[in-house]
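Both ligands and their constituent atoms are indexed starting at 1 by order of listing. Here the structure is a predicted model, which means the values were calculated and not measured.
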Amino acid sequence: MIKTIATTPYTDQKMGTAGLRRKSKVVTQPNYIENFMQSIFNVIGELKGKTFVVGGDGRYYNDVAIQKIIKMAAANGISRLIIGQNGFISTPAGSNIILKNKADGGFILSASHNPGGINGDFGIKYSNHTGGQIPSSISDKIYQETLKIKEYKICDVADIDLSKLGRQEVCGMQIDVIDPVKDYVEMMEGIFDFAAIKALFAKGFTMRFDAMNAVTGPYALKIFEEILGAPKGSVVNYKPLPDFGGLHPDPNMVYAKELVNFMFSDKAADFGAANDGDGDRNMILGKKFFVTPSDSLAILTDHFNLIPAYKNGIYGVAKSAATSTAVEKVAKAHNIGYYEVPTGWKYFVNLMDSKRITFCGEESFGTGSSHIREKDGIWAVLFWLNIIAATGKSVEEITTEFWQKYGRSYYVRFDFEGVDTEVADKMMADLEAKLPSLAGQTFEGFKVSEAGAFVYNDPVDHSSTKNGLIVRFTDGSRIVYRLSGTGSSGATIRVYLERYSKDDLKNDPLKMLTEIFKIAMSISEIPERTGKHQADVVT
Ligand code: G1P
Ligand code: ZN
(Lines give C-alpha, C1' and ligand atoms only; values in the text may rest on other atoms or scores of the structure.)
(Ligands and ions follow the chains in the order given, each with its own letter.)
Protein backbone atom coordinates (compact mmCIF):
# COMPACT_ATOMS: atom_id res chain seq x y z
CA MET A 1 0.00 0.00 0.00
CA ILE A 2 3.04 2.26 0.27
CA LYS A 3 3.43 4.42 -2.80
CA THR A 4 6.36 6.54 -3.90
CA ILE A 5 5.13 9.61 -5.74
CA ALA A 6 7.29 11.88 -7.91
CA THR A 7 7.25 15.58 -7.07
CA THR A 8 9.06 18.84 -7.87
CA PRO A 9 10.37 21.32 -5.27
CA TYR A 10 8.70 24.51 -4.09
CA THR A 11 11.26 27.20 -3.41
CA ASP A 12 9.41 28.95 -0.57
CA GLN A 13 9.41 26.35 2.20
CA LYS A 14 11.83 28.11 4.53
CA MET A 15 10.62 28.18 8.13
CA GLY A 16 10.37 31.52 9.94
CA THR A 17 10.19 32.57 13.59
CA ALA A 18 7.88 29.64 14.36
CA GLY A 19 7.69 26.97 11.68
CA LEU A 20 6.34 27.22 8.14
CA ARG A 21 3.55 29.75 7.71
CA ARG A 22 1.89 30.50 4.40
CA LYS A 23 -1.41 31.58 2.86
CA SER A 24 -3.93 28.72 2.81
CA LYS A 25 -4.01 29.04 -0.96
CA VAL A 26 -0.27 28.37 -1.12
CA VAL A 27 -0.35 25.40 1.24
CA THR A 28 -3.24 23.75 -0.61
CA GLN A 29 -1.24 23.55 -3.87
CA PRO A 30 -0.57 19.97 -5.02
CA ASN A 31 2.14 18.23 -2.98
CA TYR A 32 2.95 21.34 -0.92
CA ILE A 33 2.42 19.65 2.46
CA GLU A 34 3.83 16.37 1.10
CA ASN A 35 7.10 18.02 -0.03
CA PHE A 36 7.55 19.77 3.30
CA MET A 37 6.81 16.73 5.43
CA GLN A 38 8.95 14.39 3.34
CA SER A 39 11.85 16.86 3.64
CA ILE A 40 11.51 16.76 7.43
CA PHE A 41 11.38 12.96 7.43
CA ASN A 42 14.44 12.80 5.17
CA VAL A 43 16.42 15.07 7.48
CA ILE A 44 15.43 13.08 10.58
CA GLY A 45 16.68 9.94 8.85
CA GLU A 46 15.97 6.81 10.89
CA LEU A 47 12.27 6.82 11.77
CA LYS A 48 11.76 3.26 12.94
CA GLY A 49 10.88 3.13 16.63
CA LYS A 50 10.06 6.85 16.72
CA THR A 51 6.91 8.44 18.16
CA PHE A 52 5.50 11.81 17.13
CA VAL A 53 2.60 13.94 18.39
CA VAL A 54 0.22 15.44 15.84
CA GLY A 55 -2.61 17.95 16.22
CA GLY A 56 -3.64 21.45 15.39
CA ASP A 57 -5.81 24.43 16.18
CA GLY A 58 -8.69 23.26 14.00
CA ARG A 59 -8.25 25.91 11.33
CA TYR A 60 -9.15 25.40 7.66
CA TYR A 61 -7.16 22.56 6.02
CA ASN A 62 -6.18 20.99 9.37
CA ASP A 63 -8.33 17.97 8.61
CA VAL A 64 -6.81 17.44 5.17
CA ALA A 65 -3.19 18.06 6.21
CA ILE A 66 -3.45 15.77 9.22
CA GLN A 67 -4.57 12.85 7.04
CA LYS A 68 -1.65 13.43 4.70
CA ILE A 69 0.78 13.52 7.64
CA ILE A 70 -0.59 10.28 9.12
CA LYS A 71 -0.36 8.41 5.82
CA MET A 72 3.12 9.76 5.09
CA ALA A 73 4.36 9.02 8.63
CA ALA A 74 3.22 5.42 8.23
CA ALA A 75 4.81 5.09 4.79
CA ASN A 76 8.08 6.49 6.09
CA GLY A 77 8.28 3.91 8.87
CA ILE A 78 7.38 5.96 11.95
CA SER A 79 6.27 3.55 14.68
CA ARG A 80 3.66 5.54 16.54
CA LEU A 81 1.64 8.76 16.37
CA ILE A 82 -0.19 10.31 19.29
CA ILE A 83 -3.02 12.42 17.89
CA GLY A 84 -5.49 14.73 19.59
CA GLN A 85 -9.14 13.74 19.26
CA ASN A 86 -10.59 15.16 16.03
CA GLY A 87 -7.11 16.48 15.29
CA PHE A 88 -7.13 19.12 18.04
CA ILE A 89 -4.12 19.93 20.24
CA SER A 90 -3.10 23.37 21.47
CA THR A 91 0.58 24.30 21.12
CA PRO A 92 1.26 24.18 24.89
CA ALA A 93 -0.66 20.92 25.33
CA GLY A 94 1.33 19.46 22.42
CA SER A 95 4.61 20.33 24.10
CA ASN A 96 3.40 18.64 27.28
CA ILE A 97 2.29 15.51 25.41
CA ILE A 98 5.74 15.24 23.77
CA LEU A 99 7.50 15.54 27.12
CA LYS A 100 5.12 13.31 29.06
CA ASN A 101 5.33 10.50 26.52
CA LYS A 102 9.06 11.02 25.84
CA ALA A 103 8.09 11.33 22.17
CA ASP A 104 10.67 12.19 19.53
CA GLY A 105 8.84 15.32 18.45
CA GLY A 106 5.58 16.64 17.11
CA PHE A 107 3.75 18.64 14.51
CA ILE A 108 1.26 21.35 15.42
CA LEU A 109 -0.81 22.50 12.48
CA SER A 110 -1.44 26.17 13.06
CA ALA A 111 -0.57 29.64 11.87
CA SER A 112 -0.87 30.77 15.48
CA HIS A 113 -2.56 34.18 15.76
CA ASN A 114 -2.91 34.70 11.98
CA PRO A 115 -6.46 34.59 10.57
CA GLY A 116 -7.64 31.24 9.21
CA GLY A 117 -9.92 30.08 6.41
CA ILE A 118 -9.38 29.69 2.69
CA ASN A 119 -8.27 33.32 2.48
CA GLY A 120 -6.29 33.17 5.71
CA ASP A 121 -3.10 31.43 6.73
CA PHE A 122 -2.02 27.88 7.49
CA GLY A 123 1.15 26.60 9.08
CA ILE A 124 3.12 23.72 10.56
CA LYS A 125 5.30 23.98 13.65
CA TYR A 126 7.82 21.20 14.10
CA SER A 127 9.13 20.35 17.57
CA ASN A 128 11.76 17.83 18.58
CA HIS A 129 12.13 15.67 21.71
CA THR A 130 12.68 18.77 23.89
CA GLY A 131 9.02 19.69 23.39
CA GLY A 132 10.23 22.92 21.80
CA GLN A 133 10.59 23.95 18.20
CA ILE A 134 13.70 22.87 16.35
CA PRO A 135 16.72 25.20 16.22
CA SER A 136 17.58 27.11 13.04
CA SER A 137 20.48 24.77 12.30
CA ILE A 138 17.95 21.98 11.66
CA SER A 139 15.33 24.09 9.92
CA ASP A 140 18.07 25.27 7.54
CA LYS A 141 18.82 21.63 6.65
CA ILE A 142 15.13 20.98 6.06
CA TYR A 143 14.91 24.00 3.79
CA GLN A 144 17.87 22.71 1.74
CA GLU A 145 16.07 19.37 1.47
CA THR A 146 12.84 21.04 0.23
CA LEU A 147 14.85 22.54 -2.63
CA LYS A 148 15.90 19.18 -3.98
CA ILE A 149 13.00 16.90 -3.08
CA LYS A 150 12.09 14.49 -5.89
CA GLU A 151 9.62 12.07 -4.35
CA TYR A 152 7.60 11.35 -1.28
CA LYS A 153 6.16 8.25 0.32
CA ILE A 154 2.52 7.85 1.28
CA CYS A 155 0.34 4.97 2.33
CA ASP A 156 -2.66 4.55 0.07
CA VAL A 157 -5.49 3.98 2.57
CA ALA A 158 -8.87 5.54 3.36
CA ASP A 159 -8.95 8.53 5.72
CA ILE A 160 -8.46 7.63 9.37
CA ASP A 161 -11.26 8.23 11.87
CA LEU A 162 -9.92 10.56 14.56
CA SER A 163 -13.20 11.00 16.43
CA LYS A 164 -12.87 7.99 18.73
CA LEU A 165 -10.36 7.73 21.54
CA GLY A 166 -8.11 4.70 21.54
CA ARG A 167 -5.63 2.70 19.53
CA GLN A 168 -5.71 1.75 15.86
CA GLU A 169 -3.23 0.70 13.19
CA VAL A 170 -2.51 2.29 9.83
CA CYS A 171 -0.08 0.59 7.44
CA GLY A 172 1.75 -1.03 10.33
CA MET A 173 1.97 2.22 12.35
CA GLN A 174 0.26 2.54 15.71
CA ILE A 175 -2.03 5.51 16.26
CA ASP A 176 -3.25 6.59 19.67
CA VAL A 177 -6.09 9.09 19.60
CA ILE A 178 -6.07 10.88 22.96
CA ASP A 179 -8.11 13.46 24.83
CA PRO A 180 -5.96 16.58 24.28
CA VAL A 181 -7.37 18.35 27.34
CA LYS A 182 -6.90 15.77 30.12
CA ASP A 183 -3.10 15.77 30.54
CA TYR A 184 -2.97 19.53 30.22
CA VAL A 185 -5.51 20.01 33.02
CA GLU A 186 -3.57 17.64 35.28
CA MET A 187 -0.39 19.59 34.63
CA MET A 188 -2.07 22.90 35.54
CA GLU A 189 -3.50 21.36 38.73
CA GLY A 190 0.04 20.38 39.67
CA ILE A 191 1.35 23.95 39.25
CA PHE A 192 -1.29 26.29 40.67
CA ASP A 193 -3.37 26.53 43.83
CA PHE A 194 -6.70 25.44 42.34
CA ALA A 195 -8.38 25.43 45.78
CA ALA A 196 -7.55 29.11 46.32
CA ILE A 197 -8.78 30.08 42.83
CA LYS A 198 -11.94 28.04 43.38
CA ALA A 199 -12.54 29.90 46.64
CA LEU A 200 -12.05 33.20 44.79
CA PHE A 201 -14.84 32.36 42.31
CA ALA A 202 -17.02 31.05 45.15
CA LYS A 203 -16.82 34.54 46.70
CA GLY A 204 -18.31 36.03 43.53
CA PHE A 205 -15.21 36.98 41.55
CA THR A 206 -16.04 37.32 37.83
CA MET A 207 -13.99 36.74 34.70
CA ARG A 208 -14.37 36.68 30.95
CA PHE A 209 -12.12 34.47 28.87
CA ASP A 210 -12.31 34.92 25.09
CA ALA A 211 -11.18 31.77 23.26
CA MET A 212 -11.72 33.60 19.95
CA ASN A 213 -13.31 30.49 18.35
CA ALA A 214 -9.94 28.79 18.44
CA VAL A 215 -8.33 25.81 20.12
CA THR A 216 -8.40 26.90 23.78
CA GLY A 217 -12.21 26.85 24.07
CA PRO A 218 -12.44 23.26 25.35
CA TYR A 219 -9.45 23.75 27.69
CA ALA A 220 -10.88 26.97 29.11
CA LEU A 221 -14.41 25.62 29.61
CA LYS A 222 -13.05 22.63 31.49
CA ILE A 223 -10.60 24.55 33.69
CA PHE A 224 -12.33 27.86 34.39
CA GLU A 225 -16.02 26.93 34.40
CA GLU A 226 -16.13 23.21 35.26
CA ILE A 227 -13.25 22.82 37.69
CA LEU A 228 -12.70 26.29 39.15
CA GLY A 229 -16.36 27.27 39.23
CA ALA A 230 -16.28 30.51 37.23
CA PRO A 231 -19.90 31.43 36.43
CA LYS A 232 -21.40 29.78 33.32
CA GLY A 233 -20.83 32.06 30.36
CA SER A 234 -17.43 33.25 31.61
CA VAL A 235 -15.77 31.57 28.62
CA VAL A 236 -16.94 33.06 25.31
CA ASN A 237 -16.31 32.10 21.67
CA TYR A 238 -15.37 28.64 22.95
CA LYS A 239 -16.20 26.58 19.88
CA PRO A 240 -13.16 26.07 17.64
CA LEU A 241 -14.17 26.96 14.06
CA PRO A 242 -12.19 26.48 10.80
CA ASP A 243 -12.26 30.23 10.09
CA PHE A 244 -12.45 31.28 13.77
CA GLY A 245 -15.94 32.61 12.98
CA GLY A 246 -14.27 35.45 11.10
CA LEU A 247 -12.30 36.53 14.18
CA HIS A 248 -8.60 37.28 14.03
CA PRO A 249 -7.44 35.23 17.04
CA ASP A 250 -4.62 37.54 18.04
CA PRO A 251 -5.15 38.48 21.69
CA ASN A 252 -4.28 42.17 21.74
CA MET A 253 -6.05 45.51 22.05
CA VAL A 254 -6.63 45.68 18.29
CA TYR A 255 -7.96 42.22 17.40
CA ALA A 256 -9.62 41.10 20.66
CA LYS A 257 -12.03 44.02 20.29
CA GLU A 258 -15.11 42.30 21.70
CA LEU A 259 -13.33 41.46 24.95
CA VAL A 260 -11.61 44.85 25.19
CA ASN A 261 -14.91 46.72 24.69
CA PHE A 262 -16.54 44.60 27.38
CA MET A 263 -13.68 45.01 29.86
CA PHE A 264 -13.64 48.78 29.34
CA SER A 265 -17.43 49.07 29.77
CA ASP A 266 -19.33 49.55 33.03
CA LYS A 267 -20.37 45.88 32.87
CA ALA A 268 -16.76 44.69 32.95
CA ALA A 269 -15.84 41.52 34.84
CA ASP A 270 -13.14 41.60 37.53
CA PHE A 271 -10.71 39.89 35.20
CA GLY A 272 -10.47 39.45 31.42
CA ALA A 273 -8.21 37.32 29.24
CA ALA A 274 -7.89 36.01 25.71
CA ASN A 275 -5.72 33.42 23.94
CA ASP A 276 -4.67 33.08 20.31
CA GLY A 277 -5.44 30.48 17.62
CA ASP A 278 -3.23 27.72 19.02
CA GLY A 279 -3.39 28.73 22.68
CA ASP A 280 0.14 29.87 23.37
CA ARG A 281 -0.49 33.64 23.58
CA ASN A 282 -2.41 35.53 26.24
CA MET A 283 -3.76 38.99 26.95
CA ILE A 284 -4.52 40.07 30.53
CA LEU A 285 -7.07 42.75 31.41
CA GLY A 286 -8.48 44.11 34.64
CA LYS A 287 -11.58 46.29 34.99
CA LYS A 288 -10.91 49.09 32.47
CA PHE A 289 -7.23 48.16 32.67
CA PHE A 290 -4.71 46.59 30.28
CA VAL A 291 -1.49 44.89 31.34
CA THR A 292 1.28 44.98 28.72
CA PRO A 293 2.83 41.55 28.12
CA SER A 294 6.23 42.92 29.13
CA ASP A 295 4.81 44.07 32.47
CA SER A 296 2.93 40.80 32.83
CA LEU A 297 6.16 38.79 32.58
CA ALA A 298 7.79 41.05 35.16
CA ILE A 299 4.81 40.87 37.54
CA LEU A 300 4.51 37.08 37.33
CA THR A 301 8.24 36.75 37.99
CA ASP A 302 8.01 39.10 40.98
CA HIS A 303 5.24 36.91 42.49
CA PHE A 304 6.76 33.45 41.90
CA ASN A 305 6.63 32.64 45.60
CA LEU A 306 2.81 32.69 45.61
CA ILE A 307 2.60 29.72 43.24
CA PRO A 308 2.93 26.20 44.69
CA ALA A 309 5.15 24.90 41.87
CA TYR A 310 7.61 27.82 42.10
CA LYS A 311 7.50 28.79 45.75
CA ASN A 312 10.79 27.08 46.55
CA GLY A 313 12.63 29.27 44.07
CA ILE A 314 13.15 29.81 40.37
CA TYR A 315 16.34 29.58 38.34
CA GLY A 316 16.06 32.75 36.35
CA VAL A 317 14.12 34.59 33.70
CA ALA A 318 14.59 35.41 30.01
CA LYS A 319 12.93 37.74 27.55
CA SER A 320 13.29 38.46 23.87
CA ALA A 321 15.44 41.51 23.17
CA ALA A 322 12.44 43.40 21.84
CA THR A 323 10.50 42.92 25.09
CA SER A 324 10.68 45.80 27.61
CA THR A 325 13.33 45.70 30.30
CA ALA A 326 10.80 45.70 33.19
CA VAL A 327 11.67 42.10 34.09
CA GLU A 328 15.39 42.89 34.23
CA LYS A 329 14.75 44.98 37.34
CA VAL A 330 12.83 42.12 38.94
CA ALA A 331 15.61 39.65 38.17
CA LYS A 332 18.13 41.99 39.82
CA ALA A 333 15.94 42.47 42.89
CA HIS A 334 15.52 38.71 43.37
CA ASN A 335 19.10 38.00 42.42
CA ILE A 336 18.19 35.42 39.77
CA GLY A 337 19.63 34.75 36.30
CA TYR A 338 18.59 37.06 33.48
CA TYR A 339 18.90 36.50 29.71
CA GLU A 340 17.97 38.37 26.53
CA VAL A 341 17.41 36.24 23.44
CA PRO A 342 16.31 36.78 19.82
CA THR A 343 12.59 36.78 19.03
CA GLY A 344 11.06 33.29 18.92
CA TRP A 345 10.33 30.82 21.69
CA LYS A 346 12.87 28.29 20.40
CA TYR A 347 15.66 30.47 21.81
CA PHE A 348 14.41 29.84 25.36
CA VAL A 349 14.60 26.05 25.06
CA ASN A 350 18.33 25.63 25.75
CA LEU A 351 18.09 28.02 28.72
CA MET A 352 15.24 25.97 30.22
CA ASP A 353 16.86 22.61 29.51
CA SER A 354 20.09 23.74 31.18
CA LYS A 355 18.17 25.04 34.23
CA ARG A 356 19.29 28.61 33.65
CA ILE A 357 15.74 29.93 33.60
CA THR A 358 12.28 28.99 34.84
CA PHE A 359 10.21 31.84 33.35
CA CYS A 360 10.36 33.52 29.97
CA GLY A 361 8.32 35.85 27.85
CA GLU A 362 7.94 38.05 24.83
CA GLU A 363 6.25 41.38 24.22
CA SER A 364 4.06 39.65 21.63
CA PHE A 365 1.68 38.37 24.31
CA GLY A 366 3.69 35.26 25.15
CA THR A 367 4.56 34.10 28.67
CA GLY A 368 5.55 30.71 29.97
CA SER A 369 7.75 28.58 32.15
CA SER A 370 9.85 25.45 32.02
CA HIS A 371 6.79 23.24 32.71
CA ILE A 372 6.84 22.87 28.88
CA ARG A 373 8.92 24.26 26.01
CA GLU A 374 6.34 26.56 24.41
CA LYS A 375 4.60 29.67 25.66
CA ASP A 376 1.34 28.93 27.40
CA GLY A 377 -1.77 31.11 27.28
CA ILE A 378 -3.87 29.37 29.93
CA TRP A 379 -0.87 29.01 32.25
CA ALA A 380 -0.47 32.82 32.25
CA VAL A 381 -4.18 33.31 32.98
CA LEU A 382 -4.05 30.83 35.87
CA PHE A 383 -0.92 32.52 37.22
CA TRP A 384 -2.75 35.85 37.37
CA LEU A 385 -5.81 34.24 38.98
CA ASN A 386 -3.53 32.59 41.54
CA ILE A 387 -1.89 35.93 42.39
CA ILE A 388 -5.31 37.59 42.70
CA ALA A 389 -6.57 34.76 44.92
CA ALA A 390 -3.46 34.88 47.13
CA THR A 391 -3.27 38.67 47.51
CA GLY A 392 -6.95 39.62 47.35
CA LYS A 393 -5.91 42.49 45.04
CA SER A 394 -7.26 43.51 41.65
CA VAL A 395 -5.27 43.42 38.40
CA GLU A 396 -4.93 47.20 38.54
CA GLU A 397 -3.75 47.19 42.16
CA ILE A 398 -1.20 44.46 41.51
CA THR A 399 0.17 46.29 38.47
CA THR A 400 0.21 49.74 40.10
CA GLU A 401 2.01 48.40 43.16
CA PHE A 402 4.52 46.79 40.84
CA TRP A 403 5.21 50.15 39.17
CA GLN A 404 5.56 51.83 42.56
CA LYS A 405 8.17 49.29 43.52
CA TYR A 406 10.19 49.15 40.27
CA GLY A 407 9.18 52.17 38.18
CA ARG A 408 7.30 51.84 34.90
CA SER A 409 8.60 50.89 31.48
CA TYR A 410 6.24 52.58 29.00
CA TYR A 411 6.16 50.35 25.97
CA VAL A 412 4.42 50.31 22.58
CA ARG A 413 5.01 48.30 19.39
CA PHE A 414 4.37 49.78 15.94
CA ASP A 415 3.93 47.46 12.94
CA PHE A 416 4.32 48.66 9.36
CA GLU A 417 2.73 45.90 7.32
CA GLY A 418 2.71 44.90 3.66
CA VAL A 419 6.02 46.62 2.92
CA ASP A 420 7.88 45.60 -0.22
CA THR A 421 10.48 43.03 0.87
CA GLU A 422 13.34 44.75 -0.94
CA VAL A 423 12.47 48.13 0.57
CA ALA A 424 12.35 46.62 4.06
CA ASP A 425 15.63 44.71 3.66
CA LYS A 426 17.39 47.81 2.34
CA MET A 427 16.03 49.95 5.16
CA MET A 428 17.38 47.49 7.75
CA ALA A 429 20.76 47.16 6.03
CA ASP A 430 21.22 50.93 5.71
CA LEU A 431 20.13 51.48 9.29
CA GLU A 432 22.51 48.85 10.58
CA ALA A 433 25.38 50.53 8.76
CA LYS A 434 24.46 53.92 10.18
CA LEU A 435 23.70 53.02 13.82
CA PRO A 436 27.22 52.86 15.32
CA SER A 437 27.81 56.48 14.28
CA LEU A 438 24.82 57.64 16.36
CA ALA A 439 26.42 56.86 19.72
CA GLY A 440 26.91 60.05 21.69
CA GLN A 441 24.48 62.08 19.59
CA THR A 442 21.39 63.70 21.09
CA PHE A 443 17.95 63.66 19.42
CA GLU A 444 14.89 65.44 20.83
CA GLY A 445 16.73 65.66 24.14
CA PHE A 446 17.56 61.92 24.27
CA LYS A 447 21.22 60.94 24.09
CA VAL A 448 22.18 57.67 22.36
CA SER A 449 24.44 55.53 24.53
CA GLU A 450 24.96 52.73 22.01
CA ALA A 451 23.38 51.46 18.80
CA GLY A 452 23.82 48.43 16.59
CA ALA A 453 22.66 44.92 15.77
CA PHE A 454 21.46 42.59 18.50
CA VAL A 455 23.61 39.46 18.46
CA TYR A 456 22.84 36.52 20.73
CA ASN A 457 25.48 33.98 21.65
CA ASP A 458 23.74 30.91 23.01
CA PRO A 459 25.56 29.86 26.22
CA VAL A 460 24.57 26.22 25.68
CA ASP A 461 25.11 25.33 22.03
CA HIS A 462 27.36 28.35 21.30
CA SER A 463 25.41 29.26 18.17
CA SER A 464 25.30 32.92 17.29
CA THR A 465 22.16 34.66 16.01
CA LYS A 466 21.67 38.20 14.78
CA ASN A 467 18.13 39.49 15.28
CA GLY A 468 17.10 43.11 14.90
CA LEU A 469 18.74 46.43 15.67
CA ILE A 470 18.76 48.27 19.00
CA VAL A 471 19.26 51.93 19.83
CA ARG A 472 19.83 52.54 23.55
CA PHE A 473 19.59 55.94 25.23
CA THR A 474 21.32 57.08 28.38
CA ASP A 475 18.02 57.30 30.33
CA GLY A 476 17.21 53.61 29.65
CA SER A 477 14.88 54.31 26.71
CA ARG A 478 15.25 51.99 23.73
CA ILE A 479 14.22 51.57 20.11
CA VAL A 480 14.27 48.07 18.60
CA TYR A 481 13.76 47.42 14.87
CA ARG A 482 13.02 43.97 13.45
CA LEU A 483 11.51 42.38 10.38
CA SER A 484 8.75 39.91 11.20
CA GLY A 485 9.47 36.25 10.53
CA THR A 486 5.89 34.99 10.68
CA GLY A 487 4.17 36.86 7.87
CA SER A 488 2.78 35.03 4.87
CA SER A 489 3.35 37.81 2.30
CA GLY A 490 5.46 40.98 1.98
CA ALA A 491 7.47 42.33 4.90
CA THR A 492 6.36 43.70 8.24
CA ILE A 493 8.69 46.17 9.95
CA ARG A 494 8.28 46.08 13.71
CA VAL A 495 9.40 49.07 15.76
CA TYR A 496 9.41 48.55 19.54
CA LEU A 497 9.68 51.62 21.77
CA GLU A 498 10.40 51.81 25.46
CA ARG A 499 10.83 54.62 27.98
CA TYR A 500 11.40 54.16 31.67
CA SER A 501 10.11 56.40 34.46
CA LYS A 502 10.71 55.94 38.18
CA ASP A 503 7.87 58.15 39.37
CA ASP A 504 5.61 59.23 36.50
CA LEU A 505 3.45 56.12 36.76
CA LYS A 506 0.02 56.97 35.38
CA ASN A 507 0.77 58.61 32.07
CA ASP A 508 -0.38 57.73 28.56
CA PRO A 509 2.17 55.42 26.87
CA LEU A 510 1.80 57.03 23.43
CA LYS A 511 2.34 60.46 24.97
CA MET A 512 5.37 59.28 26.89
CA LEU A 513 6.82 57.85 23.68
CA THR A 514 6.14 60.80 21.36
CA GLU A 515 9.77 61.89 21.09
CA ILE A 516 11.16 58.36 20.90
CA PHE A 517 8.72 57.62 18.05
CA LYS A 518 9.89 60.72 16.20
CA ILE A 519 13.50 59.66 16.60
CA ALA A 520 12.69 56.09 15.51
CA MET A 521 11.06 57.36 12.32
CA SER A 522 13.68 59.92 11.44
CA ILE A 523 16.75 57.71 11.85
CA SER A 524 15.21 54.78 9.97
CA GLU A 525 13.49 56.93 7.31
CA ILE A 526 10.53 54.54 7.42
CA PRO A 527 7.99 57.16 6.26
CA GLU A 528 10.15 58.26 3.30
CA ARG A 529 11.08 54.74 2.30
CA THR A 530 7.72 53.00 2.73
CA GLY A 531 5.31 55.88 2.17
CA LYS A 532 3.73 55.02 5.52
CA HIS A 533 3.50 57.90 7.96
CA GLN A 534 1.57 55.86 10.48
CA ALA A 535 1.86 52.28 11.66
CA ASP A 536 -0.79 49.80 10.51
CA VAL A 537 -1.07 48.18 13.92
CA VAL A 538 -0.16 49.70 17.28
CA THR A 539 -0.08 47.37 20.29
C1 G1P B 1 5.97 36.93 16.17
C2 G1P B 1 6.31 37.56 17.49
C3 G1P B 1 7.26 36.66 18.27
C4 G1P B 1 6.66 35.28 18.42
C5 G1P B 1 6.25 34.74 17.08
C6 G1P B 1 5.50 33.42 17.20
O7 G1P B 1 7.15 36.76 15.41
O8 G1P B 1 6.86 38.83 17.33
O9 G1P B 1 7.53 37.24 19.51
O10 G1P B 1 7.57 34.40 19.01
O11 G1P B 1 5.39 35.67 16.41
O12 G1P B 1 4.36 33.52 17.97
P13 G1P B 1 7.62 37.81 14.29
O14 G1P B 1 6.47 37.95 13.31
O15 G1P B 1 7.86 39.10 14.98
O16 G1P B 1 8.84 37.20 13.69
ZN1 ZN C 1 0.29 31.06 18.85
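Of the options Arg21, Arg22, Lys23, a salt bridge (charged side-chain N to carboxylate O under 4.0 Å, His left out) to Asp12 is made by Arg22 and by none of the others. Between Ile516 and the options Val495, Val412, Leu497, Val471, a side-chain contact (heavy atoms from CB on, under 4.5 Å) holds for only Leu497.
Atoms of ligand 1 lying under 4.0 Å from any heavy atom of Thr343, numbered from 1 in the order shown and given with element: 3 (C), 8 (O), 9 (O). Close contacts between ligand 1 and Gly485 involve ligand atoms 13 (P), 14 (O), 16 (O) [criterion: under 4.0 Å to a heavy atom]. In the vicinity of Gly344, heavy-atom distances shorter than 4.0 Å reach the ligand 1 atoms 10 (O). Within ligand 1, the atoms closer than 4.0 Å to a non-hydrogen atom of Arg494 are 8 (O), 13 (P), 14 (O), 15 (O), numbered from 1 in the order shown.
Taking the six-membered ring for Trp and the full ring otherwise, Tyr219 and Tyr184 have centroids separated by under 6.0 Å. Ring centroids of Tyr410 and Tyr500 are separated by 6.0 Å or more, keeping the two rings apart. Between Phe359 and Tyr310, the ring centre distance stays below 6.0 Å.
In Lys426, the NZ atom is not crowded: 12 or fewer heavy atoms of neighbouring residues, nucleotides or ligands sit closer than 6.0 Å. Annotation: Lys222, atom NZ; neighbour count of heavy atoms from other residues, nucleotides and ligands within 6.0 Å does not exceed 12.
Listed by chain and number, Ser112 OG, Asp276 OD2, Asp278 OD1, Asp280 OD1 are the protein N/O/S atoms closer than 2.8 Å to the Zn ion (ligand 2), with waters left out.
No cation-pi contact links Arg208 to Phe271, judged by a cut-off of 6.0 Å to the six-membered ring centre and 45° from its axis. Relative to the ring axis of Phe402, Lys329 does not place its NZ or CZ within 45° and under 6.0 Å from the centre.
Among the atoms of Arg482, some N or O lies under 3.5 angstrom from an N or O of ligand 1. The N/O atoms of Leu483, backbone and side chain alike, include none that comes under 3.5 Å of an N/O atom in ligand 1.
Under 4.0 Å from ligand 1, the heavy atoms of Arg413 that appear belong solely to its side chain.
Scanning all protein heavy atoms for the shortest distance to atom 1 (C) of ligand 1 gives Arg281 NH2, 3.6 Å. At the shortest separation from atom 7 (O) of ligand 1 among protein heavy atoms lies Thr486 CG2, 3.4 Å. Counting only heavy atoms of the protein, atom 12 (O) of ligand 1 lies nearest to Lys375 NZ, 2.9 Å. If you check which protein heavy atom lies closest to atom 9 (O) of ligand 1, you get Ser364 OG, 2.5 Å. Ranking protein heavy atoms by distance to atom 10 (O) of ligand 1, first place goes to Glu362 OE1, 2.7 Å.
Remark: Tyr339 pairs with no residue by the ring-ring contact (aromatic ring centres under 6.0 Å, His included) rule, at least two apart or across chains.
Between Gly366 and ligand 1 there is no heavy-atom distance shorter than 4.0 Å.
Side chains of Ser320 and Glu340: a donor-acceptor N/O pair is absent below 3.5 angstrom, by distance only.
Smallest separation of non-hydrogen atoms from Asp295 and Ser409: OD1-O, 4.5 Å.
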